[in-house]
**Student:** 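Dropping a structure here in structure tokens format, bear with me for questions.
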Amino acid sequence: GFTENCQSNANTYTCKSTIQSMSIGNKDCGADCAKFQKSEIEHRFTKHALERPYTSPHAWGPTYGAHKHHLEFSHQQYRELQQYANDIGIFFTASGMDEMAIEFLNEINVPFFKVASADTNNIPYLEKTAKKGRPMVISSGMQSMETMHCVYQTVKKHNPNFTFLQCTSAYPLPIEHVNLSLIPEFQKEFPDIPIGYSGHETGIHVSVAAVALGAKVLERHVTLDKTWKGSDHAASLEPAELAELVRAIRTAEMAMGSPIKQMLPCEASCHSKLGKSVVARKPLQKGEILTLDMLTVKVAEPHGVRPENIFKLVGKKIKVDLEKDATITDAMING
């Protein structure tokens, strides 16, 4: 099945009611899952990294540690969000941004783990996460195909249920660096796992194209307002865009249809009106041996031999007299 894995920029808000609005918005828009991000700050960052001054216009504190602590939800807040998601009927999970975050997410029984691109080459993390036995969605941003083969071998030893997402880690993502052609390339390299797409571009068209190329999981960031403080908002979808994306994806899924090429029942009326048949180019007499110059193709009543079979009639004997433009049917041919 197809999963619309909506990643909200949960860590950029501190107001619980806002996040709940986003969760129910994801549900109303037709998404299957609301995904957040969970960090255990001291396990994710070194002391030095947390102490460095943070002067970005997006900063919520004077140091990077103060900034991250301001944004991070507590375990209790995550449990409340999970309960709220359960109440409204949407899956709830999070990217575990460090090993201790994975322990917490496992404890609250999320349906799957999301591995963010920054941890995709974190082999000890991957092994510990895979051994939990939950399905895994693994982004490929900032990685090489060689690394992804290493990731595949690492996870596969412990857990058969995982997917790779084509991803380029830029926010917002320039269209020329999306590289959707990697979706079929991933499918070729890893034919036994589903392949998806994690998009950070603006708009919805690229994501719909990813589905048409075979993406089975789609992840997009969502926000209530792209102008809010926080670097991810510009690369996010607002609710109306998310709803339109889900509608477009469902249409694309339906349009994928069957890989078997044949005339379909819905084409019958067009074929009846415009379908062509082999007819006599000139009057024919019973017993004549047919040559190509005796035959032509026209819209005819009734239908007869299909045009692609005209050459099979050459050298055959006609069993009846025919006027010019008369339909030639199989029953009129000897042999």
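Reckoned from all heavy atoms, side chains included, excluding hydrogens, waters and symmetry mates. Note that the coordinates shown come from a computational prediction; the quantities given were computed from them, not determined experimentally.
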**Student:** Check the orientation of Tyr171 and His221. Use parallel for under 30°, tilted for 30 to 60°, and perpendicular for over 60°.
**Tutor:** tilted
**Student:** In terms of side-chain heavy atoms, does Thr120 have a donor or acceptor partner in Ser117 at a distance below 3.5 Å?
**Tutor:** no
**Student:** Checking Leu182 against Met145 for the side-chain contact (heavy atoms from CB on, under 4.5 Å) test, could you report, in this order, the C-alpha distance in whole Å, the side-chain angles of both residues, the deciding distance, and whether it holds?
**Tutor:** CA-CA 10 Å; Leu182 275 165; Met145 189 62 78; 4.1 Å; yes
**Student:** So does Glu323 have more than 12 non-hydrogen atoms from other groups sitting under 6.0 Å from CD?
**Tutor:** no
**Student:** Compute whether any side-chain donor of one residue and acceptor of the other, for Asn86 and Gln82, lie under 3.5 angstrom apart.
**Tutor:** no
**Student:** Centre-to-centre under 6.0 Å for Phe92 and Phe36, is that the case here?
**Tutor:** yes
**Student:** Say whether, by atom type as modelled, one donor and one acceptor occur between the side chain of Lys324 and the main chain of Val279 under 3.5 angstrom.
**Tutor:** no
**Student:** First locate atom OG of Ser258, then atom CE of Met256, and finally report the distance between them rounded to the nearest 0.5 Å.
**Tutor:** 11.0 Å
**Student:** I'd like to know if Met332 and Phe311 are part of one continuous hydrophobic network [Ile/Leu/Val/Met/Phe/Trp/Tyr, side-chain heavy atoms within less than 4.5 Å].
**Tutor:** yes
**Student:** Nearest heavy-atom pair of Tyr125 and Lys114: which atoms, and what distance?
**Tutor:** OH-O, 4.1 Å
**Student:** Within a reach of under 6.0 Å around CD of Glu146, are more than 12 heavy atoms found that belong to other residues, nucleotides or ligands?
**Tutor:** no
**Student:** Going from CD1 on Ile175 to NE2 on His205, what distance comes out if it is rounded to the nearest 0.5 angstrom?
**Tutor:** 10.5 Å
**Student:** For the CZ atom of Arg44 and the OG atom of Ser39, what is their distance to the nearest 0.5 Å?
**Tutor:** 4.0 Å
**Student:** Salt-bridge test for Arg250 and Asp32: reply yes if a basic N is under 4.0 Å from a carboxylate O, no otherwise.
**Tutor:** yes
**Student:** To the nearest 0.5 angstrom, please state how far the CD1 atom of Ile310 sits from the NZ atom of Lys276.
**Tutor:** 11.5 Å
**Student:** Would a single hydrophobic cluster contain both Val320 and Leu295, if residues Ile, Leu, Val, Met, Phe, Trp and Tyr are joined by side-chain heavy-atom contacts under 4.5 Å?
**Tutor:** yes
**Student:** In terms of hydrophobic clustering (I, L, V, M, F, W, Y; side-chain heavy atoms under 4.5 Å; direct or indirect links), are Ile249 and Met254 co-clustered?
**Tutor:** no
**Student:** May I ask you to check whether Phe162 and Tyr152 place their ring centers less than 6.0 Å from one another?
**Tutor:** yes
**Student:** Tell me if a side-chain donor or acceptor on Gln143 pairs with a main-chain N or O of Ser140 at a distance below 3.5 Å.
**Tutor:** no
**Student:** To the nearest 0.5 Å, what is the distance between CE (Met100) and CG (Leu105)?
**Tutor:** 11.0 Å
**Student:** What closest approach, in Å, do Gln166 and Asn179 show between heavy atoms, and which atom pair accounts for it?
**Tutor:** NE2-O, 3.6 Å
**Student:** Do you know which two heavy atoms are closest between Ser207 and Leu245, and how far apart they sit?
**Tutor:** CB-CD1, 3.8 Å
**Student:** Return the minimal non-hydrogen interatomic distance between Ala235 and Pro172, and the atom names on each side.
**Tutor:** CB-CA, 3.6 Å
**Student:** Determine whether more than 12 heavy atoms belonging to other residues, nucleotides or ligands lie under 6.0 Å from atom NZ of Lys226.
**Tutor:** yes
**Student:** Give the cluster check for Ile183 versus Ile204: same hydrophobic cluster or not, with ILVMFWY residues linked at side-chain heavy-atom distances below 4.5 Å.
**Tutor:** yes
**Student:** Could you tell me which non-hydrogen atom of Val246 sits nearest to which non-hydrogen atom of Gly30, and how far apart they are?
**Tutor:** CG1-O, 3.7 Å
**Student:** Ignoring hydrogens and angles, state whether a donor on the side chain of His233 or Thr223 is under 3.5 Å from an acceptor on the partner side chain.
**Tutor:** yes
**Student:** Is the shortest heavy-atom distance from the side chain of Cys150 to the side chain of Ile123 under 4.5 Å?
**Tutor:** yes
**Student:** Flag the pair Asn309 / Val278 as yes when at least one side-chain heavy-atom distance between them is below 4.5 Å, and no otherwise.
**Tutor:** no
**Student:** Report the C-alpha separation of Phe113 and Asn106 in whole Å, then their side-chain angles, then the decisive distance to 0.1 Å, and conclude whether the side-chain contact (heavy atoms from CB on, under 4.5 Å) test is met.
**Tutor:** CA-CA 8 Å; Phe113 294 128; Asn106 190 57; 3.8 Å; yes
**Student:** Strictly distance-based, threshold 3.5 Å: is any side-chain N or O of Arg281 a donor or acceptor partner for the main-chain N or O of Met294?
**Tutor:** no
**Student:** Do Leu50 and Thr63 touch side chain to side chain, with heavy atoms closer than 4.5 Å?
**Tutor:** no
**Student:** Would you say the side-chain atoms of Lys319 pair up with the backbone N or O of Ala331, donor to acceptor, closer than 3.5 Å?
**Tutor:** yes
**Student:** Do the side chains of Lys38 and Glu72 get close enough for a salt bridge, i.e. N-O under 4.0 angstrom?
**Tutor:** yes
**Student:** Using the rule that Ile, Leu, Val, Met, Phe, Trp and Tyr join whenever any side-chain heavy atoms are under 4.5 Å apart, tell me whether Ile193 and Phe186 fall into a single cluster.
**Tutor:** yes
**Student:** Do Ser272 side-chain atoms and Ala268 backbone N/O form a donor-acceptor pair below 3.5 Å?
**Tutor:** no
**Student:** Give me each pair satisfying salt bridge (Lys or Arg N to Asp or Glu O under 4.0 Å) with a member in residues 169-198, each pair once, sequence neighbours excluded.
**Tutor:** Lys156-Asp192, Glu185-Lys188
**Student:** Yes or no on side-chain contact (heavy atoms from CB on, under 4.5 Å) for Phe190 and His149, after CA distance, side-chain angles and deciding distance?
**Tutor:** CA-CA 8 Å; Phe190 309 103; His149 274 282; 3.5 Å; yes
**Student:** Between Asn159 (side chain) and Lys131 (backbone), is there a donor-acceptor pair under 3.5 Å?
**Tutor:** no
**Student:** Taking the side chain as everything from C-beta on, heavy atoms only, tell me whether Ile318 gets closer than 4.5 Å to Ile333.
**Tutor:** yes
**Student:** To the closest 0.5 Å, what do you measure between CD (Glu103) and CD (Glu40)?
**Tutor:** 10.0 Å
**Student:** Are Gln262 and Leu264 close enough, and set up right, to give a side-chain contact (heavy atoms from CB on, under 4.5 Å), and what steps lead you there?
**Tutor:** CA-CA 6 Å; Gln262 58 186 338; Leu264 299 175; 4.1 Å; yes
**Student:** Are the side chains of Leu224 and Pro239 in contact, using a 4.5 Å heavy-atom criterion?
**Tutor:** yes
**Student:** Please determine whether a side-chain nitrogen of the Lys or Arg among Glu201 and Arg220 lies less than 4.0 Å from a carboxylate oxygen of the Asp or Glu.
**Tutor:** yes
**Student:** So do Glu107 and His75 actually touch side chain to side chain, heavy atoms under 4.5 Å?
**Tutor:** no
**Student:** Measure across Glu241 and Ser236 and return the closest heavy-atom pair with its distance rounded to 0.1 Å.
**Tutor:** OE1-O, 4.1 Å
**Student:** We want to know whether Asn109 and Arg134 form a side-chain donor-acceptor pair, criterion being a heavy-atom distance below 3.5 angstrom.
**Tutor:** yes
**Student:** Is there a donor-acceptor pair under 3.5 Å between the side chain of Glu127 and the backbone N or O of Pro124?
**Tutor:** no
**Student:** Take the angle between the ring planes of Tyr64 and Phe45 and call it parallel below 30°, perpendicular above 60°, tilted in between.
**Tutor:** perpendicular
**Student:** Would a distance-only check, ignoring hydrogens and angles, find a side-chain to backbone donor-acceptor pair under 3.5 Å from His67 to Trp60?
**Tutor:** yes
**Student:** Does Asp119 reach the main-chain N or O of Asn122 with its side chain, forming a donor-acceptor pair under 3.5 Å?
**Tutor:** no
**Student:** Do Ser198 side-chain atoms and Leu165 backbone N/O form a donor-acceptor pair below 3.5 Å?
**Tutor:** no
